[in-house]
Amino acid sequence: GAGVSQSPRYKVAKRGQDVALRCDPISGHVSLFWYQQALGQGPEFLTYFQNEAQLDKSGLPSDRFFAERPEGSVSTLKIQRTQQEDSAVYLCASSGRQGASNQPQHFGDGTRLSIL
Amino acid sequence: QKEVEQDPGPLSVPEGAIVSLNCTYSNSAFQYFMWYRQYSRKGPELLMYTYSSGNKEDGRFTAQVDKSSKYISLFIRDSQPSDSATYLCAMIQFNDYKLSFGAGTTVTVRA
């Protein structure tokens with residue numbers, strides 16, 4: 001597709017349920033990022049993939065959060081045993097060249113997660 | 001204290017006014033500076049990208065960077081109602097990949 005595609009756009013789950021959020025990056029983009037955006041705040045870095053390798057997961061809030069990109073294209077962010085504090089917008093971004101800080105990151109429209 | 005501080009707003013201006021948005025930062029290692037626009041329930045969209053001190057102009061938008069003062073600005077001339085959005089500043093260190101964002105400033109341009 002022309003841009004970064006995320007699904008679902010909205011997800012409501014009960015506390016304790018597991019959720020899976022999908023990101024389809026721009027075709028051919030090597031780098032993929034996940035960010036978390038709380039209401040009224042800027043996005044916060046969660047994790048970074050270069051192709052299928054997860055090179056940095058330092059921003060993941062807890063071991064309930066898990067991300068994968070098995071074939072180097074589509075990525076899934078999974079949250080196990082969801083808590084109310086997990087409610088946020090989860091943004092995916094991709095860029096063309098691995099680890100190049102001068103390559104702009106292009107964002108999807110995010111998944112708005114609400115935990116009841 | 002956060003690495004990137006952004007004027008909180010919100011800002012409300014009449015159509016045609018100049019909008020001025022500002023961010024300060026504490027980490028002198030930041031080398032690349034960006035402004036993103038985020039419409040309600042949409043993802044951030046890159047507006048401006050700069051890496052040196054000085055001004056960069058693109059249409060009605062001017063980005064200004066002052067590395068000595070650790071201060072960046074975005075100016076929007078002849079503002080339009082379609083400019084109503086949240087504006088996020090972001091920055092990144094050389095050879096890094098993590099963007100550090102400000103909290104955003106919500107701008108409303110009144111017709």
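The chains referred to below are lettered A, B, ... by the order of the sequence lines, with proteins before strands, and numbering in each begins at 1. Computed from a predicted structure; not experimentally measured.
For CD of A:E85, the number of neighbouring non-hydrogen atoms (other residues, nucleotides, ligands) closer than 6.0 Å is greater than 12. Other residues, nucleotides and ligands contribute at most 12 non-hydrogen atoms within 6.0 Å of the OH atom of B:Y51. Annotation for A:R15: atom CZ does not count as buried by contact number, only 12 or fewer foreign heavy atoms lying within 6.0 Å.
Residue A:Y90 is grouped with residue A:L32 when hydrophobic side chains (ILVMFWY) are merged at heavy-atom distances under 4.5 angstrom, including chains of intermediate members. Taken together through direct or relayed side-chain contacts under 4.5 Å among Ile, Leu, Val, Met, Phe, Trp and Tyr, A:I79 and A:L91 form parts of separate hydrophobic clusters. Cluster annotation: B:I76 is connected to B:M48 through the hydrophobic network of ILVMFWY side chains, with a link wherever side-chain heavy atoms come within less than 4.5 Å. No path of Ile, Leu, Val, Met, Phe, Trp and Tyr side chains, each step under 4.5 Å between heavy atoms, connects A:W34 with B:Y97, placing them in separate hydrophobic clusters.
Contacts between B:Q38 and chain A at a heavy-atom distance below 4.5 Å involve the side chain alone, from C-beta outward. Neither the backbone nor the side chain of A:E44 comes within less than 4.5 Å of any heavy atom in chain B. Proximity to chain A is limited to the side chain of B:Y36, based on heavy atoms less than 4.5 angstrom apart.
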Throw together a table of side-chain donor-acceptor distances under 3.5 angstrom for residues 107-116 of chain A, partners on residues two or more places apart or in other chains.
from   : atom 1 : to    : atom 2 : distance (Å)
A:D109 : OD1    : B:G43 : N      : 2.9
A:T111 : OG1    : A:P8  : O      : 2.5

For residues 15-25 of chain B, which side-chain N or O atoms pair as donor and acceptor with protein atoms under 3.5 Å away, sequence neighbours left out?
from  : atom 1 : to    : atom 2 : distance (Å)
B:N22 : OD1    : B:Y71 : OH     : 3.1
B:N22 : OD1    : B:S73 : OG     : 2.8
B:N22 : ND2    : B:D7  : OD2    : 3.1

Under 3.5 Å, sequence neighbours excluded: what are the donor-acceptor pairs made by side chains of residues 60-70 of chain A?
from  : atom 1 : to    : atom 2 : distance (Å)
A:S62 : OG     : A:R64 : N      : 3.1
A:R64 : NH1    : A:Q80 : O      : 3.1
A:R64 : NH1    : A:R81 : O      : 3.2
A:R64 : NH1    : A:D86 : OD2    : 2.8
A:R64 : NH2    : A:D86 : OD1    : 2.9
A:R64 : NH2    : A:D86 : OD2    : 3.2
A:E68 : OE2    : A:K78 : NZ     : 3.3
A:R69 : NE     : A:G72 : O      : 3.3
A:R69 : NE     : A:S73 : O      : 2.8
A:R69 : NH1    : A:V30 : O      : 2.6
A:R69 : NH1    : A:N51 : O      : 3.0
A:R69 : NH2    : A:H29 : O      : 3.0
A:R69 : NH2    : A:G72 : O      : 3.0

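Note that the CD atom of A:Q103 and the OH atom of B:Y32 stand 10.0 Å from one another [nearest 0.5 Å].
Residues B:K2 and A:Q41 bring a donor and an acceptor atom of their side chains to less than 3.5 Å of each other.
The choice from B:Q31, B:Q6, B:K98 that makes the most heavy-atom pairs within less than 4.5 Å of chain A is B:K98.
Residues A:G42 and B:L88 share a closest heavy-atom pair of CA-CD2, 4.0 Å.
Considering only heavy atoms from C-beta on, A:Q105 stays 4.5 Å or farther from B:P44 through its side chain. Using a 4.5 Å cut-off on side-chain heavy atoms (C-beta onward), A:Y10 and B:R41 make contact.
The interface of residues 99-111 of chain B with chain A, defined by heavy-atom distances below 4.5 Å, comprises B:L99, B:F101, B:G102, B:A103.
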